[in-house]
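Chain naming here is simple, since letters A, B, ... match the order of the sequence lines and numbering starts at 1 in each.
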Protein chains: 2
Amino acid sequence: MANGPQFQPVQPVRAYQRIVEQVEEALVRGDLAPGQRLPSERELVTQFAVSRSTVREALRVLESNGVVRSRPGDPNGPEILPFSSTALRKQIVRLARVDELTLAELIAFRMIMDGAAIQVASRLRTPEQLAELEGTLVAMRAAIDVDFAAFSEADLTFHDVIARIARNSLIETCNEVVRGVVLTLISDKIAHASNSRALMLESLQHHAEVVDAIRSGDGHAAARIARQNMYDYYAGYVPEDERGALRALTD
Amino acid sequence: MANGPQFQPVQPVRAYQRIVEQVEEALVRGDLAPGQRLPSERELVTQFAVSRSTVREALRVLESNGVVRSRPGDPNGPEILPFSSTALRKQIVRLARVDELTLAELIAFRMIMDGAAIQVASRLRTPEQLAELEGTLVAMRAAIDVDFAAFSEADLTFHDVIARIARNSLIETCNEVVRGVVLTLISDKIAHASNSRALMLESLQHHAEVVDAIRSGDGHAAARIARQNMYDYYAGYVPEDERGALRALTD
DNA sequence: AGCTGTGACTGGTCCGACCAGTGGACTAGG
DNA sequence: CCTAGTCCACTGGTCGGACCAGTCACAGCT
């Protein structure tokens with residue numbers, strides 16, 4: 001049999017898709033920047049030489065991808081949005097929903113990413129950044145006296161600072177997204193009201209240990225402590241027979 | 001000032017959004033499964049009691065999110081798709097394009113995820129899975145004599161097997177997606193034609209070392225070797241001043 | 001100058017129409 | 001009886017026009 005050229009199946013390109021492509025290309029070329037406005041739908045109709053239905057379908061896709069936002073009556077036209085992780089979160093949530101994704105996998109993901117970020121941060125951190133990290137510990141201590149939401153917020157800040165020191169916004173975004181998914185998954189099992197203060201104090205203590213390890217520059221120790229803490233914190237929500245992967249990360 | 005109830009800003013919910021929500025809810029409830037078909041657009045018009053334009057905008061959003069696929073002329077109606085990571089990849093590519101994401105970050109991400117997967121795999125692997133892993137090594141060796149594409153394919157299989165042993169599809173998906181993004185980013189800098197065979201043999205040797213470490217059950221060693229290999233392989237494409245984070249991962 | 005009412009324009013939705021393409025039913029042939 | 005070919009009902013893609021509620025800028029009033 002002749003080994004001819006490798007043909008690829010073709011699928012028709014719809015008009016609205018080419019509009020989406022043109023807008024996205026303009027965005028990566030820099031011709032369009034967040035904050036700027038697109039022409040009105042009726043103006044786009046003339047520019048692209050298509051009907052308004054087609055323009056609107058393209059705008060709906062762009063809107064669903066978090067690229068633009070249309071508001072009724074706005075004479076300035078659709079707005080180009082700054083990048084946001086909401087669309088990325090949507091996809092991960094979708095991945096989690098098809099139930100190929102267990103809570104154990106999500107927690108393992110967090111242990112891995114957070115541990116790695118801490119390991120990198122303990123090497124790259126400047127004295128100023130170390131001070132900033134210690135500042136967030138103080139803020140966490142103060143937040144305990146407010147309520148759990150405030151503490152959770154301060155905890156989030158801590159991990160944001162870590163990711164920024166590690167100079168990796170992918171880790172930052174993924175961690176934030178997965179953290180949100182994990183929280184929604186276990187939110188119905190949480191009864192923080194009874195013992196929340198003790199839990200918060202314990203969590204603060206663990207964070208302080210991590211900072212100590214970062215201060216001494218021992219990245220492996222810092223990462224190990226952080227992973228162990230996360231294991232202790234979340235393992236109770238994971239079925240016994242799924243904890244193997246998590247324990248493999250705490251060695 | 002009275003501390004009244006916490007009102008939230010409201011934004012109007014469009015008709016097409018509620019259609020999208022209903023379809024996605026039906027999907028998570030299991031009323032809709034991949035492979036099944038949606039009613040035709042005109043049928044959906046009567047079921048949702050909206051116009052066809054509205055139905056179509058909803059379908060475009062679902063299609064852009066990888067949930068359904070419409071084909072012109074198909075009497076069976078739009079098809080419910082199995083989950084695919086293409087939409088997730090699209091979002092990560094978008095994140096990479098806004099240039100907040102450097103090549104170094106992507107490679108760091110791969111070093112972290114792949115290393116962690118290998119660490120977990122060396123603990124969870126069964127003798128059969130170890131044999132399967134050794135089998136992929138043989139396949140990689142055979143692929144070297146074909147061409148680089150075949151070798152790359154075999155290499156991908158290796159990492160897929162690792163992720164499956166580690167029982168974490170999130171890692172699997174993220175790794176696959178990021179790997180694709182990395183390849184497209186450096187594809188223009190690659191000139192494999194001259195020395196590809198030597199590179200492939202070296203890569204195979206490194207994979208064999210990883211498998212050795214997995215066989216002996218030393219997860220930390222296996223992970224360290226894997227990260228070091230990836231560093232050696234990719235570091236050349238990363239600017240000198242961005243390699244700090246990568247080196248922090250190879251300690 | 002500050003306020004107010006108005007109107008041009010926006011996006012959201014609906015309707016009806018036409019076209020090219022698909023696939024199943026139906027028919028003619030084996 | 002089964003196969004191969006034709007045909008047509010129906011599909012999605014696109015178009016154009018229409019109406020409505022909402023928004024914002026501006027002209028005119030106080």
Side-chain angles (χ1 to χ4, degrees), chain A residues 7-24 26-27 32 34-81, chain B residues 7-24 26-27 32 34-81 86-87:
Chain A
F7 290 127
Q8 297 294 327
V10 296
Q11 65 270 13
V13 179
R14 290 64 165 303
Y16 81 90
Q17 282 180 332
R18 290 201 274 153
I19 297 180
V20 170
E21 287 168 15
Q22 283 199 45
V23 172
E24 289 185 336
L27 228 140
L32 245 38
Q36 289 185 9
R37 301 306 185 101
L38 245 39
S40 75
E41 293 182 0
R42 289 168 177 83
E43 172 65 24
L44 290 173
V45 164
T46 70
Q47 290 196 21
F48 286 111
V50 294
S51 74
R52 191 147 89 100
S53 320
T54 305
V55 166
R56 283 182 58 77
E57 290 184 14
L59 286 176
R60 287 299 80 75
V61 170
L62 290 170
E63 194 160 358
S64 146
N65 287 354
V67 179
V68 306
R69 180 184 52 183
S70 293
R71 279 187 317 131
D74 189 340
N76 296 320
E79 182 183 1
I80 307 284
L81 295 178
Chain B
F7 290 126
Q8 297 294 327
V10 295
Q11 65 269 13
V13 180
R14 290 66 167 298
Y16 80 89
Q17 282 180 331
R18 288 200 274 153
I19 296 180
V20 170
E21 289 168 14
Q22 284 199 45
V23 172
E24 288 185 337
L27 225 134
L32 245 39
Q36 289 185 8
R37 302 305 187 101
L38 245 39
S40 75
E41 294 182 359
R42 289 168 177 85
E43 172 64 26
L44 290 172
V45 164
T46 70
Q47 289 196 22
F48 286 113
V50 295
S51 74
R52 191 148 89 101
S53 321
T54 304
V55 166
R56 283 182 58 78
E57 291 183 13
L59 287 177
R60 290 297 81 75
V61 171
L62 290 170
E63 196 160 358
S64 146
N65 288 354
V67 179
V68 305
R69 180 184 54 181
S70 291
R71 281 187 316 134
D74 189 340
N76 295 320
E79 181 183 2
I80 307 285
L81 296 177
T86 58

Which parts of nucleotides 5-12 of chain D does protein reach within less than 4.0 Å, heavy atoms only, written one letter per nucleotide 5' to 3' as B for base, S for sugar-phosphate only and - for none?
-> ------BB
Separation of atom CD1 in Ile19(B) from atom C1' in dT13(C), rounded to whole Å = 11 Å
Hey, are the side chains of Leu59(B) and Val23(B) touching, using non-hydrogen atoms and a 4.5 Å cut-off?
-> no
Would you say a side-chain N or O of Thr54(A) is under 4.0 Å from OP1 or OP2 of dG13(D)?
-> no
Val20(B) side chain reached by Asn65(B) side chain, heavy atoms, under 4.5 Å | no
Arg18(A)/Glu21(A) under salt bridge (Lys or Arg N to Asp or Glu O under 4.0 Å): CA gap, chis, key distance, verdict = CA-CA 5 Å; Arg18(A) 290 201 274 153; Glu21(A) 287 168 15; over 6 Å; no
So do Gln22(A) and Gln47(A) actually touch side chain to side chain, heavy atoms under 4.5 Å?
-> no
For atom CD of Glu57(B) and atom P of dC15(C), their distance in whole Å = 14 Å
Side chain to side chain, Leu62(B) and Glu24(B), heavy atoms closer than 4.5 Å | yes
